[in-house]
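Everything numeric here is computed off the predicted structure, so don't read it as measured data.
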Amino acid sequence: MTDSERLHQQDLEIIKNLRIFDDDFMRLIFDGNPEATALVLNIIFDRDDMVVTKVVGQREIKGIEGHSVKLDIMATDSEGNAYDIEVQRQDKGNLPLRARYNSSMMDTVLLPEDEDYSKLIPTYVIFFTEKDVMGDNEPMHHFMMQDIKTGHILGDEKHIIFINGDNKDESTRLGRLVHDFHCKSADEMYYNVLAKRMRHFKESEGGITQMCKLMEDMRIEYGKETAIKSAVETARYFGASEDAILENIMKRFDLTESEAKSYMLKKSA
């Protein structure tokens with residue numbers, strides 16, 4: 001068996017075991033799929049009339065200084081609300097602070113330049129966490145800013161929601177949705193709109209080809225990222241200035257200034 005054939009077999013095995021809780025696969029399931037996204041939002045908000053007008057997978061928002069952020073799924077609905085939907089498998093990083101950052105970055109792109117703050121629209125950052133990050137066995141937590149003493153809601157229309165992936169109660173719509181996020185096979189799923197999408201990527205020739213291409217692109221990108229980080233680390237070891245390092249990796253790896261700064265911040269974080 002050639003190396004190429006071996007990699008292809010490995011890719012097929014990985015594809016077989018992917019779940020919606022795997023973020024790259026989740027983006028494929030929902031990207032450009034208003035029906036599936038509306039299903040999720042209707043379940044979370046206990047409604048059946050929400051209409052999603054636009055869904056974009058892996059929306060990158062550039063920070064003016066400091067970190068940029070890649071949102072897994074960014075969606076808008078017919079009522080003018082905006083949603084960032086994320087999955088989190090590992091118990092790493094401070095999720096409340098990450099949610100706060102994502103929310104702030106959404107505002108930077110949702111408010112046009114020179115517009116009044118009254119034009120800010122309601123935003124919802126939604127994390128599906130594989131584990132019970134709050135540790136209280138609640139299926140969902142919905143946070144808004146409020147006065148600690150009086151409980152008065154501030155009214156800034158910023159919402160942060162955590163969905164507990166350890167929720168096993170399949171008697172509820174939310175519990176069945178969480179179940180589907182854990183499934184590796186479409187045959188195990190409750191919701192047809194999600195099962196149909198999973199079958200496409202795991203069982204159809206075109207879907208499998210698309211998945212294999214994605215995994216090859218990821219290998220190439222990972223190799224490039226590793227090379228850039230190594231170049232930054234080596235230059236710092238030999239005492240190069242930050243400006244010189246920035247200029248070097250921009251030219252060597254054909255990066256914009258913002259992209260190069262992002263790599264340098266990752267390494268120094």
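Just one residue in the list I85, L174, L177, T129 forms a side chain to side chain contact (heavy atoms under 4.5 Å, CB included) with I163, and that residue is L174.
Relative ring orientation between H179 and Y190 is described as perpendicular, the plane-to-plane angle rising above 60° on a 0-90° scale split at 30° and 60°.
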Show me the donor-acceptor pairs, under 3.5 Å and distance only, between side chains in residues 72-80 and residues at least two apart or in other chains.
residue : atom : partner : partner atom : Å
D72     : OD1  : R27     : NE           : 3.1
D72     : OD1  : R27     : NH2          : 2.8
D72     : OD2  : V87     : N            : 3.3
T76     : OG1  : T53     : OG1          : 3.2
D77     : OD1  : E79     : N            : 2.9
D77     : OD1  : G80     : N            : 3.0
D77     : OD1  : N81     : N            : 2.9
D77     : OD2  : N81     : ND2          : 3.1
D77     : OD2  : Y83     : OH           : 2.6
E79     : OE2  : R47     : NH2          : 2.7

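Remark: side-chain polar atoms of D132 are paired, donor with acceptor, to backbone N or O of D136 under 3.5 angstrom. Under the 3.5 Å distance criterion, the side-chain polar atoms of H182 are matched with a main-chain donor or acceptor of G165. Panel note: side chain E259, backbone T256; a donor-acceptor pair is recorded below 3.5 Å. A side-chain donor-acceptor contact under 3.5 Å links T108 to the backbone of M105. Of the possible polar contacts, none joining the S230 side chain to the T226 backbone as a donor-acceptor pair under 3.5 Å is found.
Other residues, nucleotides and ligands contribute more than 12 heavy atoms inside 6.0 Å of the CG atom of D49. The neighbour count for E242 CD, taken as heavy atoms of other residues, nucleotides or ligands under 6.0 Å away, is above 12. Within a 6.0 Å sphere centred on CE of M144, heavy atoms belonging to other residues, nucleotides or ligands number more than 12.
Looking at residues two or more places apart in sequence or on another chain, you find a side chain to side chain contact (heavy atoms under 4.5 Å, CB included) between D187 and S185, R199. With sequence neighbours excluded, no residue forms a ring pair (Phe, Tyr, Trp, His ring centres under 6.0 Å) with H200. Taking A231 as the reference, I249, R252, F253 meet the side chain to side chain contact (heavy atoms under 4.5 Å, CB included) condition, with sequence neighbours excluded. E170 is linked by a salt bridge (charged side-chain N to carboxylate O under 4.0 Å, His left out) to nothing, counting only residues two or more places apart in sequence or in another chain. Partners of F25 according to the ring pair (Phe, Tyr, Trp, His ring centres under 6.0 Å) rule, which considers only residues two or more places apart in sequence or in another chain, do not exist here. Take K54 and apply the side-chain hydrogen bond (donor to acceptor under 3.5 Å, both in side chains) test, not counting sequence neighbours, and it matches no residue. For D22, the side-chain hydrogen bond (donor to acceptor under 3.5 Å, both in side chains) test picks out R89, with sequence neighbours left out. When the side chain to side chain contact (heavy atoms under 4.5 Å, CB included) test is applied to K184, the partners found at least two apart in sequence or on another chain are N17, R19, K202. Residues meeting the side-chain hydrogen bond (donor to acceptor under 3.5 Å, both in side chains) test with K168, sequence neighbours left out: none. Not counting sequence neighbours, the partners of L120 by the side chain to side chain contact (heavy atoms under 4.5 Å, CB included) test are D107, L111, Y117.
Taken together through direct or relayed side-chain contacts under 4.5 Å among Ile, Leu, Val, Met, Phe, Trp and Tyr, V51 and V40 form parts of separate hydrophobic clusters.
A pairwise comparison of heavy atoms in P34 and V52 identifies CB-O, 3.5 Å as the closest pair. The two atoms that bring A186 and E203 nearest to each other are CB-OE2, 4.4 Å, heavy atoms only.
A ring-centre distance under 6.0 Å is not found for F128 and F162.
Contacts classified as side chain to side chain donor-acceptor pair (under 3.5 Å) and involving residues 31-44 (residues at least two apart or in different chains) are not found.
Side chain to side chain, S171 and D169 meet the donor-acceptor criterion of an N or O pair below 3.5 Å.
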